[in-house]
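Each remark here refers to the structure printed beneath this line.
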Amino acid sequence: MTPAKPETATIQTISPAPKAKRMSGAQMVMEALAEQGVDTIYGSPCGAVLPIYDALHQQKKVKHVLVRHEQGAGHAAEGYARSTGKVGVCLVTSGPGATNTVTALTDALLDSIPMVCISGQVPTFLIGTDAFQEADTTGITRACTKHNYLVKNIADLPNIIHEAFHVARSGRPGPVLIDLPKDIQFAEGDYIQKDNAPIHFYQPRTEPDMDLIETAVEMIANAKRPVFYTGGGIINAGENASKALTKLVRDTGIPITSTLMGLGAYPASDKQWLGMLGMHGTYEANWAMHDCDVMICIGARFDDRVTGKLSAFSPHSKKIHIDIDPSSINKNVHVDLGIVADAGKACEALHQVWKARGFKLDKPAMQNWWKQIEAWRSVKCLSYKNSNDVIKPQYALEKLRDAIAKDGRDTFISTEVGQHQMWAAQFLPFDKPNRWLTSGGLGTMGYGLPAAIGAQMAHPDALCIDVAGEASILMNIQEMTTAVQYKLPIKIFILNNQWMGMVRQWQELLHGERYSQSYSESLPDFVKLAEAYGGVGLRARTPAELDDVIDQMMKTDKVTIVDVCVDQKENCFPMIPSGKAHNEMILSADPSQYDKKLV
Amino acid sequence: MVRKKKFIEQSVYGTGPAEIQAQSHTLSILVDNEPGVLARVIGLFSGRGYNIESLTVAETDDVNNLSRVTVICSGTPMVIEQIKHQLDRLIPIHRVTDLTLEGAHVERELALVKVNSQGEKRIEALRTADVFRARVVDSTHESYVFEVTGSSAKVDAFIDLMRGLGMIDVSRTGVAAMSRGAKAI
């Protein structure tokens, strides 16, 4: 019998926990950003963020883009996020820096863009004293962020940053703000790595309930006039979600339409694609929505610009709504089947069940449905009367579309807000997700140029075009300087009609042609403006000049403004007028028949 | 009237929904006890135009640092469903329970009522308090402070009676609620 080993012989082989790295709050910010996979941030320095800018200066992992207005930083981060699928980050100072980003944060909230905004704050001991450049940033941004934090203790900082990224990208993505007082930026503490940070209880459901998926598939299989209605949720769910959706739509043979935010999730070149729906959507898409018997909504939210008059919205259909956000289901429209899930996982599950159970749609019914859709298509709702003397905005976009196709580079289109945005959505085809950057929910004029900066920074070799209006572009024109500084060859394609076009259109149609304040009496010379900033300026006055100008634009290696002087009176059609239903659209062919009794 | 009709036709938002009978629901909400969480809850109600009838909040679990918020809100069934989902979306909120839907529950409210009166009225106030099982928690020669606990309806009734008996001050806690039976929320 061997004697038991004396206790002293057992040697502790467990290595001690790695010693946490000590660093300042500002260094923690940079360290955590790098660890979270952030390569580019957008911002502007001032007093309350100087320690962070100092830490930024002493590291190489994170690149900083200096914007000229904090709203631009926010939109650039959005453009970066939308075009890459990653979290966009902006860094702004306290007070005016933070308030200037409020529009961008709200924009990101409404369009579900993952974003983290770090704002400086006055030192903790000055909070509440109306100190210089103090604002109640967490109070102001509470309603326009998915979540926000005020860091009061250095020990909390690393966890808060990691948590902010988790919250921004999980579930329905959105903007998260971290308000960081200056004394916390200076304070020293232990850095906690991403993998050692505690797991937050916020873990939204992403897997669909398979019983509900079975029910949904049965509903689809029994449909005679089904339609897919998809939105930005597919884009947010990642590239694989678009692939899963495309497979599902192709294998079922069902027509598909999408919201403004969802363009590109399904290839626009496909024959099952009906075009965008809603207020300025296509005739076939809106009629299909109105007349369908089963509607499959995935990752869209029944926005009022999509539904039109709610009481007359798709009156005869059974509705299936798949969304990652439970509050979206039954918010505006009562649905027959709601499924809480990630859009991509839901598409995969639907496809898998559809295949496994060998479903086929009723062939004669589908033939009739497609015949009907073809009849709607033959209306050619996007047709317009071209001219030899004046450039029609639609014509300009068709030319742009052809030039993009010829060019062959990966192309990202951003827009401002207004008529040009709707025309771009109607006339430019998107075959891939993440290529279309637009302010859908908030409708922020001035979004397009900074968003294009974000996209171009993330995709240096791609073609980035901001389709703009002359009124919108002026709202963030200062970011031209940013584009010049970082040598970003963004093309700004201005459809210049000298009017706030969409305002003018509504005043014409709905307010008795009383054009109150919608005409821009004084505009800059955009060619000279571009040159003054150090970019290239081009102008097309007639259709004959257009081809050559677009040709030149494609070749420039600097930020380029193309001033396309378009028809001042052109209206954007089709249009569902005020409080009308999908089947009451006005078409371009017959605007004169529009019931002007309304005004 | 004509103007209103015109507005409705011109508005891109169309007409509002028809009026549906609003109902009252009692929600029990478990939240992280951290600064700003109450502002988030209240901000959500004001920002989205929901009605709060009563709101009570205090820390209930100091080990896990949790507070319990009890809200009585009113709206159509669709609005009530929205309120619950919107609350659930707030990051520091752990759980939202609709006690009205869950089944039987008890609701209690506490009120402090100060009465300033002499003579017959002072005696009547004391007598009424006795009927309502209200306790005297402070007393001077001219005044009483009563503490009354019960359903909101009982507290309302007590306050109504005290109004005629020299009531000069009321402080109510709002409703605290809990489901009946062995289950926790």
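Protein chains get the first letters and strands the later ones, always in sequence-line order, with residue 1 at the start of each.
At most 12 heavy atoms of other shown residues, nucleotides or ligands fall within 6.0 angstrom of atom NZ in A/Lys152. The number of heavy atoms from other shown groups lying within 6.0 Å of CZ (A/Arg205) is above 12.
In this structure, no portion of B/Pro35 lies under 4.5 Å from any heavy atom of chain A. In this structure, the portion of B/Glu81 lying under 4.5 Å from any heavy atom of chain A is its side chain and not its backbone. With a 4.5 angstrom heavy-atom cutoff, A/Ile329 touches chain B only via backbone atoms. For A/Asn332, the part lying near chain B is the backbone, with the side chain staying farther off; criterion is any non-hydrogen pair under 4.5 Å. The parts of A/Lys146 that come within reach of chain B are both its backbone and its side chain, each placing non-hydrogen atoms under 4.5 angstrom from that chain. Neither the backbone nor the side chain of B/Leu44 comes within contact range of chain A; no heavy atoms are under 4.5 Å apart.
Residues A/Phe201 and B/Ile93 share a closest heavy-atom pair of CE1-O, 3.5 Å. The minimum heavy-atom distance between A/Ser327 and B/Gln82, with the atom names listed, is O-NE2, 2.5 Å. Considering every non-hydrogen atom in both B/Met78 and A/His334, the closest pair reads CE-N, 4.1 Å.
Screening residues 87-102 of chain B for salt bridge (Lys or Arg N to Asp or Glu O under 4.0 Å) gives A/Asp325-B/Arg89, B/Lys84-B/Asp98 as the qualifying pairs, with residues at least two apart or on separate chains.
The closest side-chain heavy-atom distance from B/Ile91 to A/His200 is below 4.5 Å.
Between chain A and the residues B/Gly43, B/Ala39, B/Gly36, the largest count of heavy-atom pairs under 4.5 Å involves B/Ala39.
Between the CG atom of A/Asn148 and the CZ atom of B/Arg40 there is a distance of 4.5 Å, given to the nearest 0.5 Å.
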